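One structure below.
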Number of protein chains: 2
Amino acid sequence: MTTAPAHYTQLTTLLREAATLESVAQLLGWDQETYMPPAGAATRAEQSAALASLVHQRRTDPRIGDLIAACESDRSIVADADSPRARNVREARRAFDKATKLPSGLVAELARVGSQSQQVWKEAREKNDFAMFAPWLERMFSLSRRKAECYGVPQGGELYDALIDDYEPGARSADIERVFTPLADRLSTLVQELQDSGRAPSDAPTRVKIDAARQHEFGMFVIKALGFDTNAGRLDVTTHPFCSGIAPGDTRLTTRYREERFTDALYGTMHECGHGLYEQGLPKGEHFGEPLGDSISLGIHESQSRMWENFVGRSRPFWAWALPHAKRILGPALDQYSADDLYRAVNRSERSFIRVEADESTYNLHVMLRFGIERSLLRGDLAPRDVPGAWNERFERLLGVKVPDDRRGCLQDVHWSFGLIGYFPTYTLGNLHAAQMWEKIKTDLPSLETDMTRGEFAPLLCWLRTNVHAHGKRWRADELCTRITGKPLSADPLMRHLESKLRPIYGV
Amino acid sequence: MTTAPAHYTQLTTLLREAATLESVAQLLGWDQETYMPPAGAATRAEQSAALASLVHQRRTDPRIGDLIAACESDRSIVADADSPRARNVREARRAFDKATKLPSGLVAELARVGSQSQQVWKEAREKNDFAMFAPWLERMFSLSRRKAECYGVPQGGELYDALIDDYEPGARSADIERVFTPLADRLSTLVQELQDSGRAPSDAPTRVKIDAARQHEFGMFVIKALGFDTNAGRLDVTTHPFCSGIAPGDTRLTTRYREERFTDALYGTMHECGHGLYEQGLPKGEHFGEPLGDSISLGIHESQSRMWENFVGRSRPFWAWALPHAKRILGPALDQYSADDLYRAVNRSERSFIRVEADESTYNLHVMLRFGIERSLLRGDLAPRDVPGAWNERFERLLGVKVPDDRRGCLQDVHWSFGLIGYFPTYTLGNLHAAQMWEKIKTDLPSLETDMTRGEFAPLLCWLRTNVHAHGKRWRADELCTRITGKPLSADPLMRHLESKLRPIYGV
């Protein structure tokens with residue numbers, strides 16, 4: 001590549017400076033969940049607010065706008081619209097415009113009301129009292145509508161798309177709906193069939209009591225085998241597992257241990273490890289703070305976590321490799337079980353009420369329900385007070401069981417309470433991308449299953465590095481999908497994956 | 001107190017904002033030593049530099065200067081020069097003037113050269129090669145001389161005092177010398193006498209092998225008993241123990257565990273706990289960022305750490321209380337020993353070469369040696385290349401043994417390599433303040449020893465809270481000493497403490 005023009009270099013320098021401060025804000029968040037003493041909370045809020053305001057200042061610095069404009073009118077940069085530099089400038093423009101479009105009063109109000117609303121939600125969930133939360137839901141949707149209006153309706157889209165765009169750049173809900181609708185029907189049918197078979201595998205192999213220290217040792221063993229670089233990352237314990245790609249060379253995962261079911265922590269850890277492998281694979285050394293050093297979208301991020309969790313971790317080859325190590329590290333509780341026992345146990349399909357506990361076959365039904373409801377809410381087709389009724393009716397239609405109460409229904413997720421609207425669909429987009437990518441990976445790596453049986457995950461990681469991680473935000477999610485698989489995103493690969501795995505297990 | 005005028009409130013608000021950012025910088029430092037993955041080091045340097053520059057910007061904000069000036073000419077604030085507000089303004093002025101006096105070029109050069117110099121020092125110490133380090137020592141002293149010149153010679157002092165002032169506001173080396181000189185003579189004589197007695201107590205009770213987990217449990221048990229609030233603080237493991245009073249409600253201690261000598265970690269932990277109790281006792285809730293919420297000086301800080309480490313931890317009442325708990329938590333290795341065995345073992349006087357390993361009777365001799373040398377270096381009376389000769393000659397005079405090599409001599413401490421000049425004397429000032437305060441505490445709390453024998457440390461902590469911690473930086477160190485003890489700082493209390501403890505142990 002030719003030497004970059006001065007305005008391009010200056011732009012990337014300013015972006016890196018903003019990212020450096022943002023990485024400090026991320027560390028504050030990580031510390032708050034891991035090691036901060038409880039009494040530090042009040043000052044932590046001040047510290048975080050101070051950093052957030054500094055980061056916003058840097059991201060909306062008019063010099064960035066001027067430099068982007070200079071780059072946009074520089075033929076040497078934008079002549080080839082698909083070149084890394086042109087894409088870098090295009091995505092920097094998108095981020096700058098979004099950051100400058102929101103009046104700071106609205107940003108502050110969203111943060112303030114969101115924080116109060118989250119407190120109310122917490123109490124309302126505990127008390128199973130939706131009426132208590134309803135006015136706050138209304139306020140958060142009304143503020144979010146104002147936010148969407150500030151962004152403006154994206155070309156060829158609807159107002160809701162302006163919100164999705166924060167998490168899934170360029171996505172349109174009409175496109176999502178086209179994939180989700182057939183998926184919902186086919187999944188409902190499959191889940192019903194599995195239930196009707198009466199041949200659910202036993203989950204006894206996962207219900208063995210193992211202490212947290214051994215689980216941690218096994219988790220560390222697995223993520224190292226998958227390729228997570230512990231010289232550039234770590235694994236800690238928090239109430240809610242997450243992955244924080246804080247900075248170049250510093251990617252932190254968290255998990256939680258339940259003694260009575262070791263697979264919860266194992267899959268939680270593998271899930272976060274998938275996010276972590278993406279973070280470690282991004283070219284942050286060279287492009288920290290630039291779009292080229294950043295992930296594509298939440299959907300693509302989730303495709304990585306779900307791939308390692310489900311396509312690797314819930315496979316037969318994985319257990320063929322992992323079980324002897326599990327027996328060695330976790331102790332004698334697993335002695336009586338075979339790899340096949342484990343494989344079957346971790347693929348049990350169950351119609352449960354809580355999304356975060358849902359298995360692979362039902363999970364997306366939970367997500368699609370939320371997508372439909374939040375879209376109707378934003379359009380005004382559904383009133384906040386009518387959410388419980390709509391939720392319960394749609395839940396029964398999709399999953400065939402009656403929701404017993406709002407705590408296990410529309411009050412279960414934190415997202416809406418602080419304005420994360422347009423976020424849910426990215427969970428299912430992630431599963432779809434993972435499935436579609438996985439079919440291509442199996443073609444490209446004929447020995448994939450044999451490799452995994454031997455605990456060799458490097459070929460898979462190398463494929464992901466080359467085809468996904470190394471490009472940063474150069475391609476949008478739909479472009480990446482077409483470039484890799486030759487086709488737009490579809491429900492077929494995920495259905496093929498689930499049917500070919502679950503039908504034999506259930507003998508249907 | 002009357003409502004504060006607007007300029008006073010605005011001043012404290014700006015100071016708090018600067019302190020909030022500085023607390024983030026402190027967290028970065030803590031994380032770097034505790035949990036940061038090694039590969040995160042490069043970005044951590046960028047993050048820290050970014051924060052340091054933001055903090056400096058805030059601290060030198062001309063608005064702060066204007067507001068201080070407005071307060072200084074407001075009779076309602078300064079009429080009573082000793083009132084908390086007047087003192088707050090006086091100390092804010094001192095800090096602002098110091099921050100604005102240094103040209104940013106010099107600050108950057110001190111940081112840059114200091115960082116290189118520290119690397120060279122590390123290698124030179126390993127290789128026992130003083131010649132390698134000599135030119136860097138010369139550069140650091142020359143840069144420090146420029147720094148002192150920017151500050152200016154304090155009234156009634158010498159150039160060196162401008163540097164001490166960073167750590168011990170208002171201290172003058174002539175005053176320090178007046179206390180140190182008789183102390184050096186008397187300590188040398190005492191140490192000689194103890195050695196000559198040939199009746200050193202056995203240190204066998206401290207040389208029992210105990211694993212880190214048990215040591216940690218015991219350390220946590222002790223610091224909680226001393227009064228450290230673990231809801232507002234924590235204890236972790238690092239290579240070099242430290243205490244970081246990060247923010248209100250967030251004070252973090254670190255220690256290190258050597259299996260073969262559990263008392264090293266115990267006293268390291270009690271030492272840092274002493275610093276931590278001071279940090280937790282400062283009125284940061286109300287005065288975070290203001291001088292009134294800050295510690296007085298390094299000397300007073302050290303008086304707190306040394307008091308809990310030595311005056312409490314190396315006392316007979318402490319072991320009378322602690323030993324049964326130690327036996328319970330640390331296991332059977334201690335079964336054969338009595339409280340008196342422990343008391344005698346931890347009070348062994350030894351002429352060793354390394355300051356940080358020195359016992360209570362020899363420690364200050366190590367410090368005073370450094371005070372003399374760095375003062376001569378800054379005056380130009382001693383050339384950097386002549387340091388080893390001067391060091392070894394003075395060491396033998398003070399401690400009666402020959403220094404075998406520079407690694408165990410003038411190359412042992414990191415301080416000079418990155419420009420901490422004027423820092424060493426605060427260690428001994430701390431011991432002197434602790435001893436002088438302790439005599440007053442014993443008068444004020446007649447049941448002190450009985451309390452400690454029962455593990456009741458609350459009366460002592462309460463006394464320190466009331467007389468020291470609660471005042472923040474309202475009083476200078478010498479004022480505090482006179483206010484509390486009625487006398488200026490002297491060598492007598494420390495000598496009385498050491499002689500009355502060590503003579504009986506050695507039977508001299």
Side-chain angles (χ1 to χ4, degrees), chain A residues 13 16-32 34-55 57-58 213 228-236 244-254 276 280 284-285 288-289 293, chain B residues 13 16-32 34-55 57-58 213 228-236 244-254 276 280 284-285 288-289 293:
Chain A
T13 303
R16 187 183 181 95
E17 284 174 15
T20 300
L21 289 178
E22 192 158 40
S23 70
V24 174
Q26 280 215 45
L27 183 74
L28 290 176
W30 174 86
D31 181 74
Q32 183 167 347
T34 50
Y35 297 115
M36 184 188 79
T43 311
R44 180 55 43 90
E46 279 185 58
Q47 294 166 326
S48 296
L51 259 293
S53 137
L54 284 167
V55 169
Q57 241 172 59
R58 299 290 177 103
F228 186 75
D229 179 359
T230 52
N231 189 51
R234 43 182 299 117
L235 173 65
D236 295 273
S244 185
I246 295 178
D250 195 349
T251 299
R252 307 193 186 187
L253 318 177
T254 72
Q280 291 191 333
K284 292 189 204 177
F288 182 50
Chain B
T13 303
R16 187 184 180 94
E17 284 174 14
T20 301
L21 288 179
E22 192 158 41
S23 70
V24 174
Q26 279 214 47
L27 182 74
L28 290 175
W30 174 86
D31 180 75
Q32 183 168 346
T34 50
Y35 297 115
M36 184 188 78
T43 311
R44 181 55 45 89
E46 278 184 60
Q47 294 165 326
S48 296
L51 259 294
S53 137
L54 283 167
V55 169
Q57 241 174 59
R58 298 289 178 105
F228 186 76
D229 179 0
T230 51
N231 189 52
R234 41 182 302 117
L235 174 65
D236 296 273
S244 185
I246 295 178
D250 194 350
T251 298
R252 307 193 186 188
L253 319 176
T254 73
Q280 291 190 333
K284 291 189 203 177
F288 182 50

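Protein chains get the first letters and strands the later ones, always in sequence-line order, with residue 1 at the start of each. As the structure is a computational prediction, the values presented were derived from the model and not from experiment.
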- Measuring heavy-atom distances to chain A, does B:D31 have an atom under 4.5 Å in its side chain, in its backbone, in both, or in neither? side chain
- Query: Top residue by heavy-atom pair count (under 4.5 Å) with chain A, among B:T20, B:L21, B:T230?
  - Reply: B:T20
- Nearest heavy-atom pair of B:M36 and A:R252: which atoms, and what distance? CA-NH2, 3.4 Å
- Query: So which of A:A232, A:G233, A:A39 has the largest heavy-atom pair count under 4.5 angstrom toward chain B?
  - Reply: A:A39
- Residue, of B:G249, B:S23, B:A50, B:G40, that accumulates the most heavy atom pairs under 4.5 Å with chain A: B:G249
- Query: Are any of the side-chain heavy atoms of B:L27 and A:R44 separated by less than 4.5 Å?
  - Reply: yes
- Can you tell if the side chain of B:Y35 reaches within under 4.5 Å of the side chain of A:T34, non-hydrogen atoms only? no
- Query: When rounded to the nearest 0.5 angstrom, what distance separates CG in A:L51 from CG in B:L51?
  - Reply: 6.5 Å
- Who pairs with A:R234 by salt bridge (charged side-chain N to carboxylate O under 4.0 Å, His left out), at least two apart in sequence or on another chain? A:D236
- Heavy-atom check, side chain of B:T43 versus side chain of A:D250, under 4.5 Å: no
